[in-house]
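Contents: one structure, followed by commentary.
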Amino acid sequence: MIHAKNVSYTYPDGNKALADVCIDISEGSTVAVVGANGAGKSTLLALLVGIFPAKIGEIEMAGIPVKKDKLEDIRRKVGFVFQNPDDQLFMASVYDDIAFGPRNFGCSANEIKEMTEHAIETMKIEHLKNRAPQKLSGGEKRNVAIAAVLAMNPEVLLFDEPSSFLDPKSRRNFIHAMAELGHTKLIATHDLDLVLDLCERVIILKKGEVYADGKPMELFRDQELMEAAGLEIPLSLQNRT
Amino acid sequence: MSKLTESINRIQSLEELADGKTAIHCIHPMAKLITTIFFLVVVISFDKYSISGLIPFFTYPILLMAFGEIPYRSVLTRLIVALPFSFFAGLSNPFFDRETALILLGIPVSWGILSFLSIILKTVLTVMAVLILIATTSMDKLAYQMIRIKIPKIFVMQIMLTYRYLTLLIKEASDMITAYHLRSSRQKGIRLAHAGTFMGQLLLRSFERAEKVYVAMKCRGFNGEYHFASSERMRRGDYLYGLFVCTAFLLMRGINLSRIVGSIFV
């Protein structure tokens, strides 16, 4: 479902963010991308959805190559949930924000209504639909941002730091909501406990390269590997060992 | 910091009123938009010395605030923000136009003072009408009606995005001011030497935010065309409201009610 082959990316200021990254993620799986600050997590997500053009290497999402002329198709199939929901929610009401995607894709009025209400139902936010996004709490905004992406009926979901801005209870609710979604999910995060709860696989990036790839429980227990990658063993595992 | 936070709350409190369920809130947004625009045109059309003709127009905002259950205080405090602009715009009139127009209780009143008062009255009436429109109709509904009356989409989109992100920009500025004051405890305000960097930083942050918002919009299929939610059709009552109110404005424009009422007592 997500294929990246020998992808490299250098920012215009010369900062090399990714080097020869190869990723293969199958349909329906939930995979995390972790790494220290500046490891290239956010850049990787931006390349996968075509925000930055991948000049070196090949990327294919849901069977479509990520190229300039295919971006509209890519964005129908791939939903991107931003780190800060305030960047994503810009309409005057929650309902209109969730309907923004379907309206842009030229769906009929009935389809727009159906897709929007289905997304609202999936994220259990019926009580918020007439509220103004700026008045919601961090957890509510996150749920609305996810619903806004789900309304486009994507096959792949990309998350950039989804647990930031969330209090412990909202974080727990988010994990429950994610576990119920059957989409292919790629989550870039620093929250390693969230990875243990949600993901069957983790890719560790270090200085723009894939440093390790495997099961979270196995990689996170390896203290030497974690330290070399600039990470720490998650708290929950520290307590168990 | 507290002043900026207050401003955010003030902006939001007016918007919250639009969720009301009174008779005025239930009128179709198009009827309210058209009558407000008509009101603005009629009020502005009075000549520069007119005062008595404008007074009866206060019935419109007063009745709307009463039936719409809008607190007078919330509208009047926002009105104060707009008044200084017209106050300074008309301030020179009494100095340049000194010819006596009338004598009120033995005090000569010049044409300049009359035109100055006329500017203030027009400002009060027009700003009140717009504030009442916002307090009784949500922004997204207004945006759709603006599109329907053929206001270019690009302007409507600008209004919508500015309205939405104004609170975030104020919050950003408020956070920056708090951070500044925490490291300069004995100082009031921002020193002139730092003001340039401060404003520059705010501008850069707003560029960054704009970039992120644009990318988020593109990710959800935005290609320059903004699609607004459609609203319900206008009912007969909405047409009647529009017709009645606009006719009343025309009558008040044509007949000077203040003079008629005055002549009864004199």
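Chain letters run A, B, ... following the sequence lines, proteins first, then strands; residues in each count from 1.
Between the SG atom of C219(B) and the CG atom of L71(A) there is a distance of 9.5 Å, given to the nearest 0.5 Å.
For Q88(A), the parts lying under 4.5 angstrom from a heavy atom of chain B are both the backbone and the side chain. If you measure heavy-atom distances from I112(A) to chain B, you find no contacts under 4.5 Å at all. With a 4.5 angstrom heavy-atom cutoff, N130(A) does not touch chain B via any of its atoms. In this structure, no portion of A46(A) lies under 4.5 Å from any heavy atom of chain B.
Crowding of D69(A) atom CG: a count of heavy atoms from other residues, nucleotides or ligands under 6.0 Å exceeding 12. Counted within 6.0 Å of CZ on F67(B), heavy atoms from surrounding residues, nucleotides or ligands total 12 or fewer; the atom is thus considered open. For Y72(B), the OH atom is densely surrounded, since the number of other residues' heavy atoms within 6.0 Å is greater than 12. K77(A) NZ: 12 or fewer foreign heavy atoms inside a 6.0 Å radius. Within 6.0 Å of NE2 in H190(A) there are more than 12 heavy atoms belonging to other residues, nucleotides or ligands. Counting heavy atoms of neighbouring residues, nucleotides and ligands inside a 6.0 Å radius, atom CG of L203(B) exceeds 12 of them.
Salt bridge R220(B)/D97(A): present, at least one basic N to carboxylate O contact under 4.0 Å.
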R209(B) and D86(A): side chain to side chain contact (heavy atoms under 4.5 Å, CB included), yes or no, with the steps? CA-CA 9 Å; R209(B) 170 80 73 175; D86(A) 274 325; 3.5 Å; yes

So F80(A) and V215(B), side chain to side chain contact (heavy atoms under 4.5 Å, CB included) or not? Walk me through it. CA-CA 10 Å; F80(A) 192 138; V215(B) 166; over 6 Å; no

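When the candidates G79(A), P154(A), A148(A), A151(A) are compared by the number of heavy-atom contacts under 4.5 Å with chain B, A148(A) comes out ahead. If you tally non-hydrogen atom pairs under 4.5 Å between each of I74(A), L89(A), V149(A) and chain B, the highest count goes to L89(A).
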